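Structure first, commentary second.
For the single chain, residues carry numbers from 1 onward in sequence order. We count ligands from 1, going down the list as the structure has it; atoms in each ligand are counted the same way. Here the structure is a predicted model, which means the values were calculated and not measured.
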Amino acid sequence: MPGIQYTNTTGNLCLGLDLSTQGLTAVVIDLRGSGILRFAINFDDCFPVYKTKDGVLQNDDPTVVHSVPKMWADAVDSMLLILKKKKLSPKIESISVSAQQHGTVYLNDTAATCLRQLDPSRPLASQTSNIFSRSTAPVWMDLSTAKECQEITELLGDREHAAHLTGSIVTARFMGPQIRKFWKESPDKYHQTAHIALVSSYITSLLTGKLSPVDTGDGFGTNLANVKTGKWSREALRATAPKLYAKLPRIVRRDKVVGKVSPYLVQRYRFKPDTIINIGSGDNPNSLVGLGMIGDSSKKAISLGTSDTYFGYLSRLPTAERSEGHIFGTANGKYMALNCHKNGSLAREHIKNRFGLSWDEFSDVLSRTRPGNGGKIMLPFFAPEITPPVAKSQVWRFGGLREDDMAANVRGVAEGQIISMYVHSEWIGKRPQIILVTAGGSQNRELLRLIAQIFNAGVQTFELEDSAALGAAIRSARLLQQCRGFTPSWGELYEKFIKYQKAEALSPEKEHQPIYHGPNGLIDAYKSCERYALEGGVKPDAIIAQFKEVYGR
Ligand code: XUL
């Protein structure tokens, strides 16, 4: 990776581990800020035995999306063996886990003892394979709980109350509705479940050798916590499933040491016994740190990963009523607002593969096509969508966009996705002057140009695109220093560890602004298409015709 190197070998290393949908990434930083190291493992490539595609299991019902917690244990084992082989593990002083949010891992009553007594001569996955009361874990892409969402909403009163209490309307991929569905469908297995972890607390438990609490970064994305008190809400728990409180991890508001590495980590991978472990958190709250946004609500971020997310820091809870988006906790005990667009990189990839393009060719096509696409608009819901809510996959094409028109489909998917992000993020505070862009898609300069145009904002990218793993590593560094009696400010840490791309921030090109933002511009036309497709509104033909008239076909 350009610009990223590692120079220190003297110790005081801090590790961030990010278990995402498709793989596990480790970022190692040293306290002096003199270098960064990165390692990555891809699930499909490294563990074909689990038969995942893009990190998840195939299911006939596209709304059911699970992964395999045993595979994640295998990935942790492999990554820690890499760190041992590179002679880094004995120098690591502090570890934080980041993980894909919302996934739930169901453990039985042997889990606590098994984790405490792991045998260092044996791999992690094989000796933990009996700790699950459910062998698969529904992940954030699972949208199969529409019925349970409705039931919980009714039990809580209404959507507004649910959003006010828990930070989100009752949301299909969240822990609450997922648990309710499991309880309804498999009551025996539910009652055999002693502990329900989020992915971040499950991975943290593998490191500490004991069941770990969750932080509010991940714990608020559950529909089970009260976002005002930072505690589990008895009311939400009652509306979800019986005897639930005893099965949930403790919830903790800000970073704190939850344990030291287990004897298993010390003996198998050569960690020092006093290496501390921070509370784990979700990938988005970690990205917020890895992008330098704690305390700064003026900037907003877009992560172009498996999911696309748009998020910003909030010092206070928002009060306005809303029907989409989420509030999560942050490392400093405050809040962040987030929208998640599930089709993300998989939809872009679908179009890229459909026309046999490489990513460079995809970008090239984008650079050669005209902003506005001559009024050809795509709503690219290749899979069910989270924002806006779309229950059944369907790709909508308007303005004469033909399915076999390569150039117009490439621009159509990119413009459709970014305009959707723009339109649905209005509730997340003031429009920013700078948008920070991270994750895989941030390498694509043409996508960045499009973000600058559509958001009418400068766009900044980073040397390291793994902002979640970096954020976790920075949280480890801060906690370590805090334990040593000196807590650095977030700003000091950002200065040391966050490196902007040397290339200048992209600015919106003035001449293209009216095409998107002018009256009857592409954003207005897109809104009409969405209203027509998803809400039964009037056909968008007239507004598209006007667009073509003014801005060209
Ligand atoms: C956020 C969300 C996704 C996952 C992906 O609410 O569902 O961004 O965290 O890893």
TODO: Please find out if less than 6.0 Å separates the ring center of F328 from that of Y335.
DONE: no
- [ ] Tell me the residues surrounding ligand 1, counting only those with a heavy atom closer than 4.0 angstrom, sorted by chain and number.
- [x] Q100, Q101, H102, W140, R173, D283, N284, S307, T309, F328, L338, C340
TODO: For residues 49-73, pull every pair meeting salt bridge (Lys or Arg N to Asp or Glu O under 4.0 Å), keeping only residues two or more places apart or in separate chains.
DONE: none
- [ ] Establish, yes or no, whether a centroid distance under 6.0 Å links the rings of F182 and Y106.
- [x] yes
Open item on the list: Applying side-chain hydrogen bond (donor to acceptor under 3.5 Å, both in side chains) as the test, list every pair that has at least one member in residues 379-394; sequence neighbours left out.
Closed with: N343-E385
Open item on the list: Can you confirm if the aromatic rings of F174 and H326 lie within a centre distance of less than 6.0 Å?
Closed with: yes
- [ ] Could you name each residue pair satisfying salt bridge (Lys or Arg N to Asp or Glu O under 4.0 Å) that touches residues 328-354, not counting sequence neighbours?
- [x] D308-R348, R354-E403
